Amino acid sequence: MPSYTLICPPLDTSPRIARDFVATVLRELRLDAELVDDATLCTSELVTNACVHAKGDGAALWLAVEAGRVRVVVYDGDENPPVIRELTPEVWGTGGRGLYLVDALTGGCWGHGRAVQYDGLLRPEGKAVWFDLTTRVSGGCP
């Protein structure tokens with residue numbers, strides 16, 4: 001199955017470009033519009049977190065479309081794990097809801113770990129934050 005890679009420098013434009021990249025690939029593969037919308041929103045949140053909170057020279061995005069699932073992995077140079085902030089009215093009004101959205105849209109099928117090699121993309125330092133979305137109705141994480 002196909003996989004795609006995008007380098008995301010630490011710029012304000014990177015989340016939008018990553019979102020457009022994922023949407024374009026998934027639409028070209030003729031995947032369901034709702035899946036495309038969920039994948040683009042989750043991608044935007046992870047790339048935004050990498051560009052805003054992670055140290056280093058930006059992020060790398062890996063997108064894989066496999067039988068039954070879409071997986072997006074965002075690598076950054078920061079080894080600190082992502083943190084879901086306590087949801088208070090202040091957080092809700094000013095940001096900080098990204099991982100809540102990712103968790104809700106993926107049905108809890110997301111996580112993080114040490115950065116490793118994926119399909120030729122090597123980011124040995126830092127971490128990888130990923131999510132999966134199913135491409136058809138199925139039970140649980142793919």
Side-chain angles (χ1 to χ4, degrees), residues 1-136 138 140-142:
M1 290 291 174
S3 67
Y4 305 83
T5 305
L6 177 70
I7 303 302
C8 305
L11 301 172
D12 292 343
T13 55
S14 285
R16 180 175 36 89
I17 291 168
R19 190 171 52 240
D20 292 347
F21 171 78
V22 168
T24 298
V25 168
L26 298 182
R27 285 185 188 123
E28 284 297 315
L29 294 173
R30 302 189 192 291
L31 295 178
D32 178 71
E34 185 176 343
L35 175 99
V36 173
D37 291 345
D38 291 349
T40 56
L41 180 55
C42 290
T43 297
S44 182
E45 295 300 336
L46 295 189
V47 173
T48 297
N49 285 350
C51 290
V52 171
H53 301 293
K55 302 170 190 167
D57 57 355
L61 181 146
W62 183 72
L63 165 65
V65 181
E66 302 169 350
R69 81 169 177 184
V70 170
R71 171 166 279 196
V72 173
V73 183
V74 176
Y75 301 91
D76 64 49
D78 191 337
E79 293 182 359
N80 294 312
V83 175
I84 296 180
R85 294 168 41 185
E86 182 180 347
L87 196 54
T88 63
E90 295 80 26
V91 168
W92 189 255
T94 62
R97 326 177 273 286
L99 292 177
Y100 285 103
L101 292 171
V102 171
D103 188 62
L105 293 172
T106 65
C109 293
W110 72 279
H112 62 88
R114 283 190 60 78
V116 295
Q117 184 170 344
Y118 271 96
D119 203 34
L121 177 64
L122 180 61
R123 290 284 299 216
E125 74 287 345
K127 68 178 171 297
V129 183
W130 59 269
F131 68 84
D132 287 338
L133 291 168
T134 56
T135 57
R136 58 180 167 20
S138 66
C141 291

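The first residue of the sequence shown is numbered 1, and numbering continues consecutively from there. From a predicted model like this one, the values you see are computed outputs, not experimental measurements.
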Between Cys109 and Phe131, is there a side-chain heavy-atom distance shorter than 4.5 Å?
no

Close side-chain approach of Val102 and Leu46, heavy atoms under 4.5 Å:
yes

Rounded to the nearest 0.5 angstrom, the OG1-CD distance for Thr40 and Glu45 is 10.5 Å

Exactly one candidate in Thr135, Val65, Val70 meets side chain to side chain contact (heavy atoms under 4.5 Å, CB included) with Leu29; the answer is Val65

Flag side-chain contact, heavy atom, 4.5 Å: Leu61 against Val73:
no

d(Asp37 CG, Asp32 CG) to nearest 0.5 Å is 8.5 Å

Q. Can you check whether Arg71 reaches Trp130 side chain to side chain, under 4.5 Å on heavy atoms?
A. yes

Item to check | Close side-chain approach of Pro9 to Asp57, heavy-atom, < 4.5 Å | outcome: no

### Query
Got Asn49 and Val74 here, is their nearest side-chain heavy-atom distance under 4.5 Å?
no

Residue set satisfying side-chain hydrogen bond (donor to acceptor under 3.5 Å, both in side chains) with Ser44, at least two apart, ordered chain then number -> Arg19

Value for CZ (Phe21) from SG (Cys8), rounded to nearest 0.5 Å, stands at 8.5 Å

Between Ala18 and Leu6, the two heavy atoms sitting closest are CA-CD2, 3.6 Å

Residues Ala39 and Val22: closest non-hydrogen pair is CB-CG1, 4.0 Å

- Task: Return yes if some donor-acceptor pair links the side-chain N/O of Lys127 with the main-chain N/O of Glu79 below 3.5 Å, else return no.
- Result: no

Does a side-chain heavy-atom distance below 4.5 Å link Pro82 with Trp110?
-> yes

Got Tyr4 and Trp62 here, is their nearest side-chain heavy-atom distance under 4.5 Å?
no

Rounded to the nearest 0.5 angstrom, the CZ-CG distance for Arg69 and Leu35 is 13.0 Å

Taken to the nearest 0.5 Å, the spacing of Leu63 CG from Leu26 CG works out to 5.5 Å

